[in-house]
Novice: 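Here it is: the structure, laid out below.
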There are 2 protein chains.
Amino acid sequence: MAVDTFPPIICTVDVVLLTLHDDALHVVLHLRDREPFLGMPALPGGYVHQQEDRDAEDAAVRVLRDKTGIASPYLEQLATLSGPARDPRGWSISVAYYALVPRQLLPVDAAQLRLMPADRLPALPFDHRRIVELAVSRVRVKSHYSSLPVHLCGERFTLPQLQSVYEAVLGEPVNKVSFRRKMDELAMLEPIDGELELGRANRPAQLYRVRREFRRTLSLLERGLGS
Amino acid sequence: MAVDTFPPIICTVDVVLLTLHDDALHVVLHLRDREPFLGMPALPGGYVHQQEDRDAEDAAVRVLRDKTGIASPYLEQLATLSGPARDPRGWSISVAYYALVPRQLLPVDAAQLRLMPADRLPALPFDHRRIVELAVSRVRVKSHYSSLPVHLCGERFTLPQLQSVYEAVLGEPVNKVSFRRKMDELAMLEPIDGELELGRANRPAQLYRVRREFRRTLSLLERGLGS
DNA sequence: CGAATAGTGTCTGTTAGACATTATCGA
DNA sequence: TCGATAATGTCTAACAGACACTATTCG
């Protein structure tokens with residue numbers, strides 16, 4: 001069939017960059033610097049560059065670096081969306097990724113960025129709302145049985161802090177004893193010897209960090225956290 | 001940058017069509033009818049046709065129908081693979097899907113098809129071996145906590161039959177009492193009134209079918225099957 | 001009736017969550 | 001010493017798996 005008579009399929013990547021703010025999942029949006037939808041907040045995204053990207057994930061990393069300054073967040077492929085109508089420029093394919101980053105690693109005052117709560121989004125161009133919904137749902141499901149939420153924490157954190165991150169992501173309270181048993185079962189954390197979180201009027205909490213082996217990987221539970 | 005000086009990115013879909021044969025997962029391969037790799041067994045796949053496909057999934061359905069004759073199997077997106085080297089024709093993106101089909105729905109003598117055990121594959125072109133591995137791994141994981149394997153059964157089946165399908169997919173025995181409790185919990189099966197599997201020298205088994213609501217959906221378990 | 005497998009009752013070890021207790025800080 | 005929260009011990013209910021028992025067919 002006359003494939004040549006059609007313009008090429010548009011190949012892009014989009015990244016749902018998630019972080020925690022005010023104990024709630026937030027999405028980092030980027031103000032579009034070109035048409036279509038110039039000036040609107042949207043997911044950081046862009047064309048796949050076959051001359052410089054080794055694959056779509058590489059393109060996602062590049063886009064994230066160029067548009068948000070985030071260098072090496074936890075990044076995973078989410079889904080691929082396609083069709084004639086999702087992009088006004090023509091028939092397109094977008095490989096969507098999600099990324100998690102600790103709040104402190106976000107650039108403090110980047111004029112081109114917006115931090116929006118994941119469950120109260122503004123109108124978004126393309127099918128970006130659906131992509132965000134997919135990402136949030138994926139992160140919630142995966143947080144039930146994996147160490148995914150540690151990538152929202154900084155390098156050092158206490159178990160109560162980590163538990164509240166899990167609770168923020170899952171949107172429900174977590175049993176403290178079970179939570180600690182599970183974190184132990186994941187075998188992914190190590191206490192930082194002698195380091196406590198002092199300064200508050202109560203017993204100080206032990207500081208932990210992620211073991212080196214799990215810095216880029218997830219640890220999985222046989223049985224997830226309850227409810 | 002001079003995007004226009006490069007040929008367009010090649011956009012394709014590939015489908016890992018899985019079925020059960022001799023109590024083991026098998027992949028349906030298609031003998032390629034064009035270059036590259038003419039004549040080699042490969043995953044059914046092809047170009048996305050922007051003039052006729054509503055999206056990549058639509059393309060996968062079309063490819064599956066045209067190459068294997070399978071009309072409406074259970075189909076799910078698996079992953080998207082991309083890069084300059086995976087296809088000798090140039091920089092390509094392939095949206096990969098997996099599909100499950102009962103053995104009896106496969107065309108009996110299709111000269112262009114080959115049924116191969118999923119864990120002892122022949123050499124495959126492109127990165128098709130990796131795609132099959134991803135699919136098998138995904139199906140195994142998902143079968144632990146969902147009704148996915150019912151799509152490998154015909155319309156009517158007994159619980160012992162379904163259990164042996166689960167065991168074949170998971171590659172491990174399953175506790176009978178727990179299995180039945182879980183199938184009950186999934187609330188996805190209904191007994192076919194008065195229909196038993198007679199003809200063998202033992203107590204006949206009740207025949208079941210999938211409830212209409214679950215024909216195109218999965219049912220998920222809170223806690224998966226053991227081990 | 002005997003062999004064979006379907007289907008179910010029941011017991012026990014494991015796991016998860018509720019609750020209570022102890023530990024350790026700042027004020 | 002008191003208030004607050006960390007950390008852990010312990011009890012109980014829910015669950016999963018092992019085993020045994022009953023049911024129903026064919027030969």
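As a basis for the values below, the full set of heavy atoms in this structure was taken, side chains included, without hydrogen atoms, waters or symmetry mates. To find a chain, count down the sequence lines: A is the first, B the second, and so on, and within it residues start at 1.
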Novice: Considering residues, nucleotides and ligands other than A:Glu155, do more than 12 of their heavy atoms fall under 6.0 Å from its CD?
Specialist: no
Novice: Test: ring pair (Phe, Tyr, Trp, His ring centres under 6.0 Å). Region: residues 174-206 of chain A. Which pairs qualify, not counting sequence neighbours?
Specialist: A:Tyr166-A:Phe179
Novice: Give the rounded distance in Å between these two atoms: OH of A:Tyr145 and P of C:dA16.
Specialist: 17 Å
Novice: Output the rounded distance in Å from CD (B:Glu222) to C1' (C:dT15).
Specialist: 15 Å
Novice: When you look at CD of A:Glu190, are more than 12 heavy atoms from neighbouring residues, nucleotides or ligands closer to it than 6.0 Å?
Specialist: yes
Novice: For A:Asp193, does the CG atom have more than 12 heavy-atom neighbours from other residues, nucleotides or ligands under 6.0 Å away?
Specialist: no
Novice: Under the salt bridge (charged side-chain N to carboxylate O under 4.0 Å, His left out) rule, collect the residues that match up with A:Arg215, sequence neighbours excluded.
Specialist: none
Novice: What are the atom names and distances for every N/O pair under 3.5 Å that joins the protein to nucleotides 12-16 of chain D?
Specialist:
unit_1 : atom_1 : unit_2   : atom_2 : d
D:dA16 : OP1    : B:Lys182 : NZ     : 2.4
D:dA16 : N7     : B:Arg181 : NH2    : 3.3

Novice: Is it true that atom CD of B:Glu185 has more than 12 heavy atoms of other residues, nucleotides or ligands lying nearer than 6.0 Å?
Specialist: yes
Novice: What donor-acceptor contacts under 3.5 angstrom involve side-chain atoms of residues 62-70 of chain B, with partners at least two apart or in another chain?
Specialist:
unit_1  : atom_1 : unit_2  : atom_2 : d
B:Arg62 : NE     : B:Asp53 : OD1    : 2.9
B:Arg62 : NH2    : B:Tyr47 : O      : 2.9
B:Arg62 : NH2    : B:Asp53 : OD2    : 2.8
B:Lys67 : NZ     : B:Gly45 : O      : 2.9
B:Thr68 : OG1    : B:Leu64 : O      : 2.6
B:Thr68 : OG1    : B:Ile70 : N      : 3.2

Novice: Does B:Arg130 pair with B:Glu133 as a salt bridge, N-O distance under 4.0 Å?
Specialist: no
Novice: Of the residues in residues 156-177 of chain A, which ones touch DNA chain C at a heavy-atom distance under 4.0 Å?
Specialist: A:Asn175, A:Val177
Novice: Considering residues at least two apart in sequence or located in another chain, which fulfil the salt bridge (charged side-chain N to carboxylate O under 4.0 Å, His left out) criterion with A:Arg103?
Specialist: none
Novice: Note the angle between the end axes of the helix from C:dC1-D:dG27 to C:dA27-D:dT1, five pairs defining each, rounded to 10 degrees.
Specialist: 0°
Novice: Among residues at least two apart in sequence or on other chains, which ones pass salt bridge (charged side-chain N to carboxylate O under 4.0 Å, His left out) with B:Glu197?
Specialist: B:Arg200
Novice: Kindly state each residue pair satisfying ring pair (Phe, Tyr, Trp, His ring centres under 6.0 Å) with at least one member in residues 100-156 of chain A, sequence neighbours excluded.
Specialist: A:Phe37-A:Phe126, A:Tyr74-A:His151, A:Phe126-A:His128
Novice: Let me know the distance between CE of A:Met183 and P of D:dT8, rounded to the nearest Å.
Specialist: 15 Å
Novice: Taking only residues at least two apart or on different chains, which pairs with a member in residues 17-26 of chain B satisfy salt bridge (charged side-chain N to carboxylate O under 4.0 Å, His left out)?
Specialist: none
Novice: Between B:Arg180 (CZ) and C:dG9 (P), how many Å, whole number?
Specialist: 12 Å
Novice: Please list, by residue number, the residues of residues 190-207 of chain A whose heavy atoms come closer than 4.0 Å to an atom of DNA chain C; answer none if no residue qualifies.
Specialist: A:Leu198, A:Arg200, A:Ala201, A:Asn202, A:Arg203, A:Pro204
Novice: So, using side chain to side chain contact (heavy atoms under 4.5 Å, CB included) as the criterion, who are the partners of B:Leu207 when residues are at least two apart?
Specialist: B:Arg156, B:Thr158, B:Ile192, B:Glu195
